[in-house]
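In this chain, residues are counted from 1 in sequence order. Heavy-atom basis, side chains included; hydrogens, waters and symmetry copies ignored. Everything quoted here is computed from the prediction, not taken from an experiment.
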Amino acid sequence: MSSTSRSNRAAAGDAGGRTEQKSVAARTDQHQQESYPLDANGIELVLGGLANAVSLVTPRQGLNVYDTPVKYLAVTAGVLFAYYGILAFADIYCFKAPLRGSAAGRRRRLTVARRVRKVATMGAATLAASAAIAGVFVLFGAPVATQQAETLMAAVNVSLLAVTPAILTLRPTAAAWRRALLSVEPHKSVPEKWASALFWCSVAPAWAAAYFVPMDWGRPWQRWPIPIVGGAFLGNLVGLLYVAVRCFVIPAARADFIESEDARRRMAREAGGSHPGGSADLEAAKKEE
């Protein structure tokens with residue numbers, strides 16, 4: 001009789017353990033879905049860092065930001081536009097809401113014409129933003145009678161670094177842009193965090209670097225628009241690092257911590273059910289919950 005009751009208790013304990021494991025797995029999956037609402041393959045971070053690194057390289061002869069600034073800024077703009085164009089055309093932009101059902105089928109059936117239209121729309125919006133940024137440069141003292149090409153190419157580069165990520169990730173509504181770029185809400189989505197980080201990390205250093213242009217130090221890097229573009233590129237790299245840590249590293253560490261805590265509590269329950277003296281551990285685990 002006692003052996004039968006022990007067998008029943010063991011079977012009940014095994015069943016309870018399996019149920020608890022399923023519950024822990026469900027909670028972990030739910031937390032990971034909340035932490036990773038998108039397919040976080042990080043392709044933007046890798047390609048973005050490479051694009052910035054290539055754009056920042058200054059060859060010594062024939063193409064450098066000091067002797068041929070317009071030509072050099074045209075090359076950097078081409079590198080950045082190619083980077084965003086590849087992401088948009090290949091539809092590998094992971095920082096967007098996942099599509100399911102018929103919407104996912106439409107994405108798979110995206111024709112070449114529609115992909116080309118996406119890239120063209122991105123280019124047109126970037127050029128419009130470049131014109132607006134060039135106007136801001138002029139309003140704040142950029143040369144008007146001379147160096148028009150330098151001003152325009154600097155505006156194109158700043159637009160590609162700061163505005164194009166938002167063009168590709170945010171909905172084309174004023175409310176979506178205002179929430180992503182101007183609000184301080186703590187529960188922004190990953191696309192909103194990404195667009196906001198790259199926008200402000202590119203614009204703020206470019207604005208701050210303009211301080212060095214009118215100084216009478218006589219340094220070659222003070223010539224217009226080298227400080228503006230250099231500040232935007234360096235700030236953009238900082239923004240990419242911030243997004244990597246804020247949207248991937250921290251959520252991964254949080255998910256691992258919660259999973260390990262659930263495993264520890266499960267072990268405490270199992271120890272409390274199988275050992276006579278384990279009730280104290282079980283009570284402690286319940287209190288922690």
* Who are the ring pair (Phe, Tyr, Trp, His ring centres under 6.0 Å) partners of F140, not counting sequence neighbours? ->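 For F140 the ring pair (Phe, Tyr, Trp, His ring centres under 6.0 Å) partners, ignoring immediate neighbours, are W207.
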
* **Name of the residue among V163, L170, T169 meeting side-chain contact (heavy atoms from CB on, under 4.5 Å) with I167** =>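 With I167 as partner, V163, L170, T169 yield a single side-chain contact (heavy atoms from CB on, under 4.5 Å), made by V163.
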
* **Residue pair N157 / A77: nearest heavy atoms and the distance that separates them** =>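 So the minimum-distance heavy-atom pair works out to OD1-N, 3.5 Å.
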
* Return the minimal non-hydrogen interatomic distance between W200 and P205, and the atom names on each side. =>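 Heavy atoms of W200 and P205 come nearest at O-CD, 3.8 Å.
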
If hydrophobic clusters are built by linking Ile, Leu, Val, Met, Phe, Trp and Tyr wherever their side-chain heavy atoms come under 4.5 Å apart, do [X] and [Y] end up in the same one?
X: Y66; Y: V75; value: yes
X: M215; Y: F137; value: no
X: M153; Y: L160; value: yes
X: L80; Y: V119; value: yes
X: V243; Y: L87; value: yes

Donor-acceptor list for residues 224-239 side chains, cut-off 3.5 Å, not counting sequence neighbours:
residue, atom, partner, partner atom, Å
W224, NE1, T151, OG1, 3.0
N236, OD1, N52, ND2, 2.7
N236, ND2, L161, O, 3.1
N236, ND2, S202, OG, 3.1

* Which residues pass the side chain to side chain donor-acceptor pair (under 3.5 Å) test with E150, sequence neighbours left out? ->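 By the side chain to side chain donor-acceptor pair (under 3.5 Å) rule, E150 matches no residue at all.
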
* **Approximate separation, where rounding is to 0.5 Å, of Y72 OH and D67 CG** =>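 Nearest 0.5 Å value for the OH-CG distance: 12.5 Å.
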
* To do: With sequence neighbours excluded, give me every ring pair (Phe, Tyr, Trp, His ring centres under 6.0 Å) pair touching residues 144-164.
  =>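 Residue pairs with at least one partner in residues 144-164: there are none.
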
* Asked: Which pairs, with at least one residue in residues 211-235 and sequence neighbours excluded, count as a salt bridge (charged side-chain N to carboxylate O under 4.0 Å, His left out)?
  ->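 As it turns out, there is no salt bridge (charged side-chain N to carboxylate O under 4.0 Å, His left out) pair with a partner in residues 211-235 once direct neighbours are skipped.
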
* Asked: Could you give all pairs that pass the salt bridge (charged side-chain N to carboxylate O under 4.0 Å, His left out) test and reach residues 186-205, with sequence neighbours left out?
  ->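 Only R179-E192 qualify under salt bridge (charged side-chain N to carboxylate O under 4.0 Å, His left out).
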
* To do: Check the angle between the aromatic planes of F212 and W221 and answer parallel, tilted or perpendicular using the 30° and 60° thresholds.
  =>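 Taking W221 first and then F212, their aromatic rings stand perpendicular (interplane angle over 60°).
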
* Asked: Do F81 and M122 come within less than 4.5 Å of each other through their side chains, counting heavy atoms only?
  ->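 Heavy-atom side-chain distance check passes, below 4.5 Å.
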
* **F89 vs V116, side-chain contact (heavy atoms from CB on, under 4.5 Å): CA-CA, chis, key distance, verdict** => CA-CA 7 Å; F89 184 85; V116 172; 4.0 Å; yes

* Side-chain donor or acceptor of S159 paired with backbone N/O of T126 under 3.5 Å ->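 Yes, S159 side chain to T126 backbone: donor-acceptor pair under 3.5 Å.
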
* **Backbone N/O of A145 and side chain of Q148: donor-acceptor pair under 3.5 Å** =>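 The answer is yes, because a donor-acceptor pair under 3.5 Å joins these two groups.
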
